[in-house]
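Chain letters run A, B, ... following the sequence lines, proteins first and then strands; every chain starts at 1. Values below: every heavy atom of this structure, side chains too, minus hydrogens, waters and symmetry copies. Quantities reported herein were computed from a predicted structural model and do not represent experimental measurements.
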Amino acid sequence: MNPREKEASQSPKTKKIELRGILLVVPTYLWLIVTFLIPVISVLMLSFAELHPVTKNIVSFPTMNNYLTLFTNLDYVVVLLRTLLLTVAVTISSVGLAYAVAYFITFKILKNKYTILLAFQAPYIASYMMVLLAWRLLLGRSGVINSLLMSMGLTSGPIELLGYNAFSVWLVLTATWFPWLILPIFVSLEKIDRSLLEASQDLGASPFTTFLKVTFPLSLPGVFVAILFVFIPTIGEFVAPAVVGGTTGLMFGNLIYDFFLKGFRWDIGSAFAVCLLCIVILAVLVLFRKIGFEKLMESL
Amino acid sequence: MKIDVELKNVTKKYGEIVAVDDVSFAVERGQFFSLLGPSGCGKTTTLRMISGFETPTEGEIFIEGKPMTNVPPFKRPTNLVFQNLALFPHMNVFDNIAFGLRIKKVPENEIQKRVKEMLELVRLPGYEKRKISQLSGGEKQRIAIVRALVNRPAVLLLDEPLGPLDLKLREEMIVELKRIKREVGTTFIYVTHDQGEALTMSDKIVVMNKGKVVQIGTPMEIYEKPKSKFVADFIGGTNFFEGKYTDGAVEVDGLGKISIESGAHVSKKTLLLSVKPEKICIGKKLKKVDNIFDGKVTESFYQGRAITYKVLLENDSLITVVAPSYGMERVFGIGEKVKVGWNKEDARVIT
């Protein structure tokens, strides 16, 4: 069969396959449109509207007032900055911790690797709320940790850092996130061909240089996924700060929550939510660009 | 002659399993040295001990006269071409080749120069910016070789690098490797299970079996003068005949006398003879051959350059005959009665 004949005989079949492929993805896209796109568009619209505080009728549209509320109020800006800072801190610490554990499991543990990996996921058997409440008991000026330290005479007064504040939010979020992040990093470390690491050493690189030049760059896809896994939910987090954040550990998510469910200012809440969304999109784009995600994945 | 690599009574055990058993050999400077043997014979383990990725349980390895026991792989003057090549997928061709030089902090302009030289050596100039995933099998092969060679190692170690290539490409690479070897002059230690590769390229071959060295010699010695049944059979296959020695000949039951060259083996009563398939001629009538026997063709394979026959002799033993297709009249059919024969110098006594 010459190539042209082959092409001719294949093309109807290829079309059929294409059609079937489209039919397969359509339900998924419909689902996404209904559950994701419609709510997001409503929030977006709402953020440019002004609602009557009592009747909830639209007073004016479009308006930038909701956004002005955010950027003209220093308190809100402070919370936004704190949120960004906390998110970056939680991302760095939890990804770093997860990387260390994943590296250890991948390269240092020879037996029952997967059992140990699974054991790290054990905390997720308990519900998030339960874990947070446990932390609430442990932390706090008169929490278990501080009381214990004082009763043992190790400290004369409570350690302020372990009270309900931003530090505690960071601590709790890092602790709850990092086991989950081990998985993507482990997968990409495990995928690295061991002979590459040997090749690096054979070419004169010490184990440390090998890590910097071969192991780490090749594990970046997993690190990238881990960063997304922790960054996106953390920036919108409102439960942990509500439980262990006290007054100084409040996050942007708490503001949005309050506007929607306490103050009933859906219009302002929407504007705040849109801001958060923009930051997430921006961060993801920068990450994509910085790491050259597609290129990196292709080369593997 | 200067010795570049020397193994003295090297043994490697994994628990109860002895992978390499009391292996000793010396590799002279500039030699193309092959470790040949079936899979699991310990050749790769031996190579990995030379490169430092495995530590001998007993014995010592010397490279350029220095003991290597406590020297980690990254401090040894050897470079290894890996079986799966192990090119870094996240780097382009240039960065792959420059990897070792950058570690050694060679100045950048020197690196540029040496990488360029290396790419010219393997006839891939201008390939610097290519991604590894864009290279063909043969190109990857060459890049892997120069990534090691660029560091000017005392010894270049090659772990069956031609394994995954198809036949034609492999033949090309054999020629290429020999040329590279000639141009750079570095000592090569080459591991393979393919006797054809080993015979074609090597100056010297170590044949290994079950962790032990069974014979060391030039390709011709290994092929023509095998010292054991294993070597005779492993290198190119062979036909064995066993019989009693009586004055100038070996008497084989049901077959008759096979005359052999007179040698020092007269003292032994039973002798094992090896006759290589291509040393046997086949025809309706044979002249000027020392030993002639009747036989019946049971199988024939036409292979282009040669025809391989399985011939059943009168003592019910099946022998393999490889006849060149040059000057051939026709291919004998299955069941045809033929005569097979060989000269006495081609019947080798296995001690």
Quiz item: When heavy-atom pairs shorter than 4.5 Å are enumerated against chain A, which of B:Val81, B:Asn79, B:Ile132 gives the highest number?
Solution: B:Asn79
Quiz item: With a 4.5 Å limit on heavy-atom distance, are the side chains of A:Leu220 and B:His90 in contact?
Solution: no
Self-check item: Other residues, nucleotides, ligands: >12 heavy atoms within 6.0 Å of A:Tyr29 OH
Solution: no
Quiz item: Is it the case that more than 12 heavy atoms not belonging to B:Lys13 sit under 6.0 Å from its NZ atom?
Solution: no
Exercise. Tabulate, in ascending numerical order, the residues of residues 50-60 of chain B having at least one heavy atom closer than 4.5 Å to a heavy atom of chain A, or enter 'none'.
Key: B:Ser51, B:Phe53
Self-check item: A:Arg194 CZ: over 12 foreign heavy atoms closer than 6.0 Å
Solution: yes
Quiz item: Does atom CG of B:Asp166 have more than 12 heavy-atom neighbours, drawn from other residues, nucleotides or ligands, at distances under 6.0 Å?
Solution: yes
Practice problem: For residues B:Ile103 and A:Leu203, determine if any side-chain heavy atom of one lies less than 4.5 Å from a side-chain heavy atom of the other. | Solution: no
Practice problem: Below 4.5 Å from any heavy atom of chain A, which atoms of B:Leu87 appear? Answer side chain, backbone, both or neither. | Solution: backbone
Self-check item: More than 12 heavy atoms from other groups under 6.0 Å of CZ on A:Phe36
Solution: no
Quiz item: Considering only heavy atoms, which portion of A:Ser195 lies under 4.5 Å from any heavy atom of chain B: side chain, backbone, both, or neither?
Solution: both
Self-check item: Side-chain heavy-atom pair B:Pro73, A:Asp202 within 4.5 angstrom cut-off
Solution: no
Self-check item: A:Ser200 portion near chain B, given a 4.5 angstrom heavy-atom threshold
Solution: both
Quiz prompt | Residue B:Arg147 versus chain A: region with a heavy atom under 4.5 Å | solution = both
Quiz prompt | Over all atoms of both residues, closest heavy-atom pair of B:Phe74 and A:Pro207 | solution = CE2-CD, 3.4 Å
Quiz item: By a 4.5 Å heavy-atom criterion (distance strictly below it), what part of A:Asp193 contacts chain B: side chain, backbone, both, or neither?
Solution: side chain
Practice problem: Could you tell me which portion of B:Asn84 (side chain, backbone, both or neither) has an atom closer than 4.5 angstrom to a non-hydrogen atom of chain A? | Solution: side chain
Exercise. Let me know if B:Lys75 has heavy atoms under 4.5 Å from chain A in its side chain, its backbone, both or neither.
Key: neither
Quiz item: Taking side chain as C-beta onward, heavy atoms only, is B:Phe99 less than 4.5 Å from A:Lys213?
Solution: yes
